[in-house]
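Beneath this line is the structure, given in structure tokens, with notes to follow.
A, B, ... follow the sequence lines: proteins, then strands. Residue 1 opens every chain.
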There are 2 protein chains.
Amino acid sequence: MKSRGMPTIGQRNRLQYIILGLLNQHPQTGYDLAKAFENEIGEFWQAQHSQIYPMLKRLEAAGEISHEDTVTGEKLAKKKYTLTSAGREKLVTWVSQPSPELTPSKDEFILKLYFIKTANDPRIQPMLREQYQLHQSQLHHLQQRQETVFPNQKAIDQAYGHYLILDHAIERESHYVEWLAQYLEK
Amino acid sequence: MKSRGMPTIGQRNRLQYIILGLLNQHPQTGYDLAKAFENEIGEFWQAQHSQIYPMLKRLEAAGEISHEDTVTGEKLAKKKYTLTSAGREKLVTWVSQPSPELTPSKDEFILKLYFIKTANDPRIQPMLREQYQLHQSQLHHLQQRQETVFPNQKAIDQAYGHYLILDHAIERESHYVEWLAQYLEK
DNA sequence: TCAAAGCATGTAATTAATTACATGTTCGTT
DNA sequence: AACGAACATGTAATTAATTACATGCTTTGA
């Protein structure tokens with residue numbers, strides 16, 4: 001049974017939890033959140049501001065976050081959102097829940113490969129080269145970010161989860177590149 | 001400018017191309033396609049029958065596939081779909097196109113990890129163990145499929161793309177498991 | 001001082017995807 | 001002969017996600 005007029009957010013909607021998690025790190029604006037989806041978690045999830053702002057309103061209506069109005073300069077209005085205790089509880093519950101699902105990777109290149117029948121198809125090598133370039137440069141990008149964000153042990157200790165997922169992403173890209181190289185003709 | 005009444009399918013909608021690719025391998029029914037999304041390409045894309053049947057109608061309306069009615073037993077009606085030459089052309093165009101996009105992996109476990117701040121958080125080890133189990137068993141599953149689907153070189157030569165992506169998936173899971181093991185406490 | 005890039009927030013329209021609803025047949029096993 | 005699993009096809013309702021529309025302020029550098 002669903003109550004009238006009050007739309008609820010589905011259990012499986014992960015965006016809400018990601019926003020709660022980001023706000024738990026420190027209070028920030030919708031704009032800041034949108035940046036985070038381009039940078040540190042862009043490897044793992046993406047969301048546009050047009051999805052973020054409505055979600056902030058829903059979470060606030062649900063009493064899981066609250067905002068404070070601030071002004072930059074003369075009149076640029078910002079809304080800095082903070083977790084409420086209900087929001088923090090919901091976040092903890094989510095993180096503590098098991099994650100028994102394998103999500104499909106949705107890699108378009110891999111899909112295309114699947115539809116190529118023979119090893120001597122002339123399209124294979126150019127495709128491999130393109131992906132090699134792409135993932136090689138992504139690997140470099142991630143490695144550089146690791147150097148700047150985690151220059152010492154202290155930085156790692158202060159954001160251990162962030163360190164872990166960046167390390168994971170680097171390993172993943174690194175092996176992807178190796179896999180491609182294995183099938184690349186010299 | 002968009003013509004009235006005739007909804008078109010977006011360029012970026014990949015489901016249509018996957019269906020074209022599957023039908024190019026051999027004519028089959030919507031039910032068969034739904035099975036394929038659970039098995040051989042389930043690692044890379046998923047679609048429910050409720051998404052597949054409408055898409056088949058749209059592709060047929062667009063003249064890219066056509067169907068033939070067949071009957072199994074007394075009266076079980078099936079629709080066996082085949083690519084038209086327009087559909088084959090569209091498929092070839094898609095495969096030949098560059099794929100310069102990095103798709104986020106949407107791994108819920110990784111997202112949860114990101115929100116854990118310190119290395120001694122008691123939730124980390126149980127989470128790692130759960131994922132280790134999950135990916136270990138997925139790895140076994142993939143390896144078994146490789147053995148049954150590609151028992152010899154001839155099988156590989158006849159479905160080279162399929163072989164490549166299965167190999168890729170196995171490598172990926174294998175390294176994922178290694179990565180997890182590296183952070184697991186003995 | 002002016003222009004461009006970036007900061008900041010929103011809504012509308014559309015499309016993609018999931019979940020639920022709905023129905024009927026065939027095959028294999030007990 | 002009866003039952004359950006698998007075959008087979010669809011639609012409806014809902015939710016998630018993308019793309020487009022829309023507006024205004026601030027900072028930086030030429």
| task | Determine whether the side chains of B:Q28 and B:K35 contain a donor N or O and an acceptor N or O closer than 3.5 Å. | result | no
| said: Less than 4.0 angstrom between a side-chain N/O of A:K106 and OP1 or OP2 of C:dA17, yes or no? | reply: yes
| task | Ignoring hydrogens and angles, state whether a donor on the side chain of A:E60 or A:H67 is under 3.5 Å from an acceptor on the partner side chain. | result | yes
| request: Quick one: closest heavy-atom pair of B:E130 and A:P98, and the distance? | output: OE2-CB, 2.9 Å
| note | Atom CD of B:Q16 and atom P of C:dA16 are separated, to the nearest Å, by 8 Å
For residues 72-80 of chain A, which side-chain N or O atoms pair as donor and acceptor with protein atoms under 3.5 Å away, sequence neighbours left out?
unit_1: A:T72; atom_1: OG1; unit_2: A:K78; atom_2: NZ; d: 3.2

| A:Y17 OH - D:dA16 C1' separation (whole Å) | 14 Å
| Nucleotide C:dT18, atom P - distance to CD of B:E38 in whole Å | 13 Å
| query | Linking I/L/V/M/F/W/Y whenever any side-chain heavy atoms sit under 4.5 Å apart, do A:I110 and A:Y132 land together? | reply | yes
| OP1 or OP2 of D:dT15 less than 4.0 angstrom from a side-chain nitrogen or oxygen of A:R58, does that happen here? | no
| side chain to side chain contact (heavy atoms under 4.5 Å, CB included) partners of A:Q25, counting only residues at least two apart | A:L22, B:Y114, B:F115
| message | What residues from residues 39-54 of chain A pass a heavy-atom cutoff of under 4.0 Å to DNA chain C? | response | A:H49, A:S50, A:Y53
| message | Can you measure B:M55 atom CE to C:dT18 atom C1' for me and round it to whole angstrom units? | response | 14 Å
| query | Taking for each residue the nucleotide of DNA chain D bearing the nearest heavy atom, is the 5' side occupied by B:K35 or by B:R12? | reply | B:K35
| message | For B:E43 and B:Q138, which I'm curious about, is there any donor-acceptor pair between the side chains at under 3.5 Å? | response | yes
| said: Salt bridge check, B:R12 against A:E108: does any charged N sit closer than 4.0 Å to a carboxylate O? | reply: yes
| remark: From NZ of B:K57 across to P of D:dA12 the rounded distance in Å is 11 Å
| note | note: A:D32, atom CG; C:dA8, atom P; distance rounded to Å ~ 6 Å
| Taking the side chain of B:N13 as heavy atoms from C-beta outward, which of D:dC7, C:dT11, C:dA16 is closest to it? | C:dA16
| task | Please check if the side chain of B:Q16 supplies one atom and the backbone of B:L59 the other of a donor-acceptor pair under 3.5 Å. | result | no
| Within residues 19-31 of chain B: residues closer than 4.0 Å to DNA chain D (heavy atoms) | B:T29, B:G30, B:Y31
| field | Partner set under side chain to side chain contact (heavy atoms under 4.5 Å, CB included) for B:N152, not counting sequence neighbours | value | B:K154, B:A155
| message | Under a plain distance cut-off of 3.5 Å, with no hydrogens placed, do B:Y160 and A:D121 share a side-chain donor-acceptor pair? | response | no
| field | Interatomic distance where CZ belongs to B:R14 and C1' belongs to D:dA17 [whole Å] | value | 13 Å
| query | Going by heavy atoms closer than 4.0 Å, what residues in residues 73-81 of chain A are next to DNA chain C? | reply | A:L76, A:A77, A:K78, A:K79
